[in-house]
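Worth knowing before you read on, the calculation uses all heavy atoms, side chains too, and leaves out hydrogens, waters and symmetry mates. Residue numbers run from 1 in the order of the sequence given.
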Amino acid sequence: MSRKWDVRVDERPYTIERKGAKVLVNGEKFKIRKLSHKSGFFQSEYQVPVGSKTALLVIDMVGSAKLIIDGKDCATGEDYVPQKLPGWAWIFVVLHFINCLNGAIGALVAIVGLMATFSISCNRKINVVVRVLLDIVILVAALGIVFGIALAIVGSAY
């Protein structure tokens, strides 16, 4: 996955590009896994040297990336607020993990449900009540898909 940012640090232009497992800063290659980092359950943060500053490269579990310099998202210019899963959302995470007990299909649906739950639950632009309701809809849909497939398999056997 490739992503490119053009930024200015100390009045000098820098082109920062993420190409797979590497980050290029004005053509200088850095292996992502060798950069100082902090890994979380849903995303990892890597420190990338850019001139006299250290940029933060945030890669989420889907693989999309954000570049943060001086607390600002380089793509949008907005203040960067680290994504932190609210306490109430962990209930949905646990329920999706229980869905993994339903075999390979359950695990696949649970992974998709986890990604959607994380994305919605951490989105502070959406009202909390709406986020909870959307998480409930995602959970019910995930369970419906798994049990619907199970019923279709059992029904076709008879």
Side-chain angles (χ1 to χ4, degrees), residues 1-9 14-23 32-33 35-48 50 53-156:
M1 191 174 273
S2 182
R3 181 78 197 264
K4 189 175 183 180
W5 299 271
D6 292 313
V7 298
R8 291 188 81 73
V9 173
Y14 288 89
T15 299
I16 302 164
E17 189 171 5
R18 176 182 174 222
K19 283 191 169 186
K22 294 183 178 120
V23 176
I32 290 178
R33 64 179 154 84
L35 296 172
S36 176
H37 71 283
K38 182 173 92 173
S39 292
F41 187 71
F42 295 103
Q43 66 185 19
S44 297
E45 299 175 349
Y46 300 91
Q47 295 181 359
V48 181
V50 180
K53 299 190 182 218
T54 301
L56 191 64
L57 179 66
V58 180
I59 302 174
D60 67 16
M61 68 178 161
V62 180
S64 65
K66 291 182 182 180
L67 185 71
I68 312 302
I69 297 179
D70 293 333
K72 302 271 187 198
D73 186 332
C74 292
T76 64
E78 296 177 358
D79 288 337
Y80 172 68
V81 179
Q83 287 188 327
K84 184 173 188 261
L85 196 64
W88 54 264
W90 283 100
I91 295 167
F92 296 102
V93 170
V94 169
L95 292 172
H96 280 294
F97 270 123
I98 291 172
N99 201 11
C100 288
L101 298 174
N102 292 320
I105 294 171
L108 181 63
V109 172
I111 290 169
V112 173
L114 280 169
M115 289 189 300
T117 296
F118 178 75
S119 178
I120 289 170
S121 298
C122 292
N123 189 342
R124 295 186 175 146
K125 295 178 182 177
I126 302 173
N127 184 325
V128 175
V129 174
V130 174
R131 287 187 277 169
V132 171
L133 291 174
L134 288 171
D135 284 343
I136 290 170
V137 168
I138 291 168
L139 182 63
V140 169
L143 291 172
I145 290 169
V146 170
F147 287 110
I149 291 172
L151 287 174
I153 291 171
V154 169
S156 68

**Fill in**
Output for pair (Leu134 CG, Ile126 CD1), nearest 0.5 Å, gives 6.0 Å
**Request:** With side chain to side chain contact (heavy atoms under 4.5 Å, CB included) as the test, would you mind laying out the steps for Val48 and Leu56 before giving the verdict?
**Result:** CA-CA 6 Å; Val48 181; Leu56 191 64; over 6 Å; no
**Prompt:** Which residue pairs satisfy the salt bridge (charged side-chain N to carboxylate O under 4.0 Å, His left out) criterion with at least one member in residues 125-151, sequence neighbours excluded?
**Reply:** Glu78-Lys125
**Message:** If I compare all heavy atoms of Val7 with all of Cys74, which pair ends up nearest, and what's the gap?
**Reply:** CG1-SG, 3.6 Å
**Item:** Atom pair CG (Leu67) and CZ (Arg18), whose distance is rounded to the nearest 0.5 Å
**Value:** 11.5 Å
**Prompt:** Does Ser156 use its side chain to pair, donor to acceptor, with the backbone of Ala152 at less than 3.5 Å?
**Reply:** yes
**Request:** Give the intermediate values and the outcome of side chain to side chain contact (heavy atoms under 4.5 Å, CB included) for residues Trp5 and Thr15.
**Result:** CA-CA 6 Å; Trp5 299 271; Thr15 299; over 6 Å; no
**Asked** Mind checking whether Gln47 and Leu57 have side chains closer than 4.5 Å, heavy atoms only?
**Response** no
**Prompt:** What closest approach, in Å, do Gly20 and Ile32 show between heavy atoms, and which atom pair accounts for it?
**Reply:** O-CD1, 3.7 Å
**Message:** Is it true that, when you exclude Ile105 itself, more than 12 heavy atoms of the residues, nucleotides or ligands shown sit nearer than 6.0 Å to its CD1?
**Reply:** no
**Prompt:** Quick one: CZ on Arg3 to NZ on Lys66, what's the gap to the nearest 0.5 Å?
**Reply:** 9.5 Å
**Message:** Quick one, Arg124 and Val81 - any side-chain contact, counting heavy atoms below 4.5 Å?
**Reply:** yes
**Message:** Do Ile136 and Val140 make a side-chain contact, defined as non-hydrogen atoms from C-beta onward lying under 4.5 Å apart?
**Reply:** yes
**Complete:** So CG of Asp79 and CG of Asp73: to nearest 0.5 Å the spacing works out to 10.0 Å
**Prompt:** Atom CZ of Phe92 and atom CD1 of Ile120: how far apart are they, to the nearest 0.5 Å?
**Reply:** 10.5 Å
**Message:** I want to check something: taking the side chain as every heavy atom from C-beta on, are Val23 and Glu17 in contact at a cut-off of under 4.5 Å?
**Reply:** no
**Prompt:** Under a 4.5 Å cut-off applied to non-hydrogen side-chain atoms, are His96 and Leu139 in contact?
**Reply:** yes
**Complete:** Heavy-atom closest pair (Val9 atom, Tyr14 atom, distance to 0.1 Å) is O-CE1, 3.6 Å
**Item:** Non-hydrogen atoms of Gly106 and Val146 that approach each other most closely
**Value:** CA-CG2, 3.7 Å
**Asked** How long is the span from the CG atom in Asp70 to the OG1 atom in Thr54, to the nearest 0.5 Å?
**Response** 10.0 Å
**Request:** Applying side chain to side chain contact (heavy atoms under 4.5 Å, CB included), name anything that partners Leu85, two or more places apart in sequence or on another chain.
**Result:** Phe42, Ala89, Trp90, Val93, Phe118, Ser121, Cys122
**Item:** Residues Phe97, Leu114; criterion side chain to side chain contact (heavy atoms under 4.5 Å, CB included); working and verdict
**Value:** CA-CA 8 Å; Phe97 270 123; Leu114 280 169; 4.0 Å; yes
